[in-house]
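Data block below; observations after.
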Amino acid sequence: MSSTSTEENDMRTQAPPQQTTGPRYPLMERPVVAVALALVAGLLNAWTFGQAQTFATVQSGNIVSVGYALVSGDLARAQAALISIVAFGLGAFVCAVFLAFLARRRAFYSAAVLVIEAILLIALVVASLIWSLPAVWMAFGISIIAGIQGNAFHREAGMLYGNIAVTFVLQNVGGMLGRGATKRVFDDGEPHVRRAAQYAVVLIGFAAGGGIGFAADELWTMTSLTLAATILLAIALTASVTRSSIDPGQNNPTP
């Protein structure tokens with residue numbers, strides 16, 4: 001057997017086959033889903049930043065906070081940020097293990113991951129209402145959920161919308177606009193300005209999630225988490241009834 005055939009067989013055993021009917025791009029790679037996931041990320045950050053002064057998804061912010069808090073002698077703040085960092089990594093680890101078992105069964109994963117995220121958020125809300133959980137431990141649970149979402153849907157190639165990382169999305173906006181501005185210098189035929197606009201809308205989704213979450217939590221402190229769970233369930237429902245491809249593919253072109 002040739003090496004090419006061996007590589008193709010290995011690829012088929014690592015991930016479930018995507019359906020080929022319907023839209024060209026999988027559901028979880030489409031810009032509207034990118035905005036929805038960014039909205040969820042903004043809502044999660046609204047709660048953790050507003051209640052525990054940590055970030056659910058922006059781990060660079062948490063890492064800087066650890067260093068700043070240690071130097072300033074604020075050990076409680078350093079501990080809170082460190083707990084969120086560990087939780088995010090734990091969520092990513094657990095999700096990777098879960099996806100590996102699904103890949104072995106050649107099963108699709110997006111709807112299952114989204115439902116799990118929603119259930120965990122609802123469980124946190126209920127637990128907090130019953131036992132009045134400290135904010136730092138609520139942030140721990142929320143960061144685990146953020147890590148799950150990041151590992152499942154944060155693309156490394158193609159539609160790099162970064163549903164958990166704002167910096168990379170902003171970088172793409174600037175980079176794509178730069179490529180569009182120099183089209184007469186070098187034209188590779190790609191619609192860079194349109195893609196920059198898509199990434200910009202994702203940034204608006206992040207900001208909208210944060211703003212809505214902060215405002216809503218003024219009315220009831222669990223509103224942002226409840227809204228995030230609702231959006232996740234809505235995406236999961238859409239994924240469950242979608243007949244075209246669903247799961248993201250790391251090496252596919254950008255929509």
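Please read these numbers as outputs of a predicted model, since none were measured by experiment.
With sequence neighbours left out, F101 forms a side chain to side chain contact (heavy atoms under 4.5 Å, CB included) with V97. Scored by the side chain to side chain donor-acceptor pair (under 3.5 Å) test, Q51 finds no partners at all (sequence neighbours excluded). Annotation: side chain to side chain contact (heavy atoms under 4.5 Å, CB included) contacts of V126 (sequence neighbours excluded): I122, I130. By the side chain to side chain donor-acceptor pair (under 3.5 Å) test, S224 pairs with D217, sequence neighbours left out. Every residue meeting the side chain to side chain contact (heavy atoms under 4.5 Å, CB included) condition with L129, not counting sequence neighbours, appears here in chain and number order: V125, W220. Remark: F49 engages F55 in a ring pair (Phe, Tyr, Trp, His ring centres under 6.0 Å) (not counting sequence neighbours). R77 is linked by a salt bridge (Lys or Arg N to Asp or Glu O under 4.0 Å) to nothing, counting only residues two or more places apart in sequence or in another chain. By the side chain to side chain contact (heavy atoms under 4.5 Å, CB included) test, I116 pairs with F98, L120, sequence neighbours left out. Every residue was checked against the side chain to side chain donor-acceptor pair (under 3.5 Å) condition with Q171, not counting sequence neighbours, and none meets it.
Taking hydrophobic clusters as Ile, Leu, Val, Met, Phe, Trp and Tyr residues chained together by side-chain heavy-atom distances below 4.5 Å, V32 shares a cluster with F153. A continuous path of ILVMFWY side-chain contacts below 4.5 Å connects V201 to F206, so both sit in one hydrophobic cluster.
Taking the side chain as every heavy atom from C-beta outward, L75 and L70 approach each other to under 4.5 Å. At a threshold of 4.5 Å between non-hydrogen side-chain atoms, the residues Q149 and L232 count as touching. Taking 4.5 Å as the limit, every side-chain heavy atom of T54 sits out of range of all side-chain heavy atoms of I83. The side-chain heavy atoms of R195 and N172, taken from C-beta on, include no pair separated by under 4.5 Å.
Residue L227 holds its CG atom at 8.5 Å from CG of L39, rounded to the nearest 0.5 Å. Atom-to-atom distance recorded for M176:CE and Q198:CD is 9.0 Å, nearest 0.5 angstrom. Rounding to the nearest 0.5 angstrom, the gap separating the CD1 atom in I231 from the CD atom in E117 is 11.5 Å. Here CZ of F108 is found 13.5 Å from CE of M28. Values are rounded to the nearest 0.5 Å. Between the CG atom of D74 and the CD atom of Q79 there is a distance of 10.5 Å, given to the nearest 0.5 Å.
Alongside I119, the hydrophobic cluster contains V115 (criterion: ILVMFWY side chains under 4.5 Å).
Within the 3.5 Å criterion, the main-chain N or O of D187 finds no donor-acceptor partner in the side chain of E190.
No hydrogens or angles considered: a donor-acceptor pair under 3.5 Å links the side chains of D247 and S110.
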Distance-only donor-acceptor hits, side chain of residues 133-148, under 3.5 Å, sequence neighbours excluded:
residue : atom : partner : partner atom : Å
S143    : OG   : A139    : O            : 3.0

Under 3.5 Å, sequence neighbours excluded: what are the donor-acceptor pairs made by side chains of residues 85-94?
none

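The shortest non-hydrogen separation linking A41 to T57 is CB-CG2, 4.1 Å.
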